[in-house]
Amino acid sequence: EIDDILENLGRLYGNMNNLSGAAECYDNLIEVYPNWVRPHKARGIIHYRLENHRKAVDDLRFVIEVNDSDYVSYYFLGMSYSEMGQDERAKWYFRKAINVADRFPNNIEAKEIRADCCFELENYDESIKGYMEILKQSPKDKFILNKLANAHLESGKNKQAKRFYEKACKIQEQENRTNGGIA
């Protein structure tokens with residue numbers, strides 16, 4: 001069906017970093033299915049990545065009106081408002097994302113969103129705790145190691161930051177060797 005094709009094409013464009021192509025696919029889906037939440041969420045995140053923050057807010061607010069337990073949308077709303085200089089509103093959405101993510105204690109994505117929001121709220125100790133919990137399940141996740149290093153750096157724990165940056169680099173080097181030097 002055309003809706004599956006457009007949704008998959010939108011994801012493919014997003015994965016290929018063709019964000020305007022992805023947005024166009026989601027525009028077409030929303031034109032045909034204006035109340036379908038998934039393309040609004042995907043397009044909202046794409047608009048955030050394109051720095052179209054007002055459009056991101058419109059789509060993501062639609063998502064949370066339909067599904068108030070979508071912690072990812074709350075997070076990206078916070079990020080969009082932060083980019084627009086609306087810090088108090090951004091903080092409200094980060095706190096809301098944390099509260100909603102706490103309802104899913106066994107979900108790794110929820111744990112990451114929670115830790116990311118704590119970072120954005122400058123609660124670095126809580127952010128570090130969250131990233132460390134994720135590393136227990138995924139000890140070679142270079143992205144989480146990098147986020148953990150950033151949280152340590154921001155909290156003034158330079159020695160720990162260095163240690164986690166070095167771990168992330170080591171994993172990347174191993175991946176490069178495994179992939180024949182292709183990054």
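A quick note: this is a predicted structure, and the numbers were derived from the prediction, not measured.
- Within 6.0 Å of NZ in Lys55 there are 12 or fewer heavy atoms belonging to other residues, nucleotides or ligands.
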Derivation of the side chain to side chain contact (heavy atoms under 4.5 Å, CB included) call for Arg54 and Met84: CA-CA 8 Å; Arg54 186 74 245 157; Met84 292 189 301; 4.2 Å; yes
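- Between the His47 side chain and the Ala23 main chain, no donor and acceptor come within less than 3.5 Å of each other.
- For Asn28 and Glu24, the side-chain atoms include no donor-acceptor pair closer than 3.5 Å.
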Intermediate values then yes/no, side chain to side chain contact (heavy atoms under 4.5 Å, CB included), Glu112 and Lys147: CA-CA 10 Å; Glu112 184 174 356; Lys147 288 180 177 187; 2.6 Å; yes
CA sep, side-chain torsions, deciding dist, call: Phe164, Lys167, side chain to side chain contact (heavy atoms under 4.5 Å, CB included): CA-CA 5 Å; Phe164 289 110; Lys167 281 185 178 184; 4.2 Å; yes
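- Between the Ser155 side chain and the Ala151 main chain, a donor and an acceptor come within less than 3.5 Å of each other.
- Between Phe119 and Tyr124, the ring centre distance stays below 6.0 Å.
- Ion pairing between a basic and an acidic side chain is recognised when a charged N comes within 4.0 Å of a carboxylate O; Arg43 and Asp58 show no such pairing.
- A donor-acceptor contact shorter than 3.5 Å is absent between the side chain of Ser138 and the backbone of Leu135.
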Residue pair Lys129, Glu133: steps toward the salt bridge (Lys or Arg N to Asp or Glu O under 4.0 Å) verdict: CA-CA 6 Å; Lys129 180 179 161 189; Glu133 192 174 322; over 6 Å; no
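- Judged purely by distance below 3.5 Å, without hydrogens or angles, the side chains of Asn99 and Tyr71 never pair a donor atom with an acceptor atom.
- Across every non-hydrogen atom of Tyr26 and Ala42, the tightest pair is CZ-CB, 3.4 Å.
- A salt bridge links Lys91 to Glu88: one of the charged nitrogens lies within less than 4.0 Å of a carboxylate oxygen.
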Verdict with reasoning, Lys41 to Asp59, per salt bridge (Lys or Arg N to Asp or Glu O under 4.0 Å): CA-CA 6 Å; Lys41 179 178 177 177; Asp59 274 326; over 6 Å; no
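- Both Leu148 and Ile171 are part of a single hydrophobic cluster, where members link through side-chain heavy atoms under 4.5 Å apart.
- Between Phe62 and Pro34, the shortest heavy-atom distance links the atoms CZ-O, 3.8 Å.
- Nearest heavy atom pair, residue Ile134 against residue Ile144, reads CG2-CG1, 3.9 Å.
- A donor-acceptor pair under 3.5 Å is formed between the side chain of Ser127 and the backbone N or O of Ala115.
- Other residues, nucleotides and ligands place no more than 12 heavy atoms under 6.0 Å from the CD atom of Glu31.
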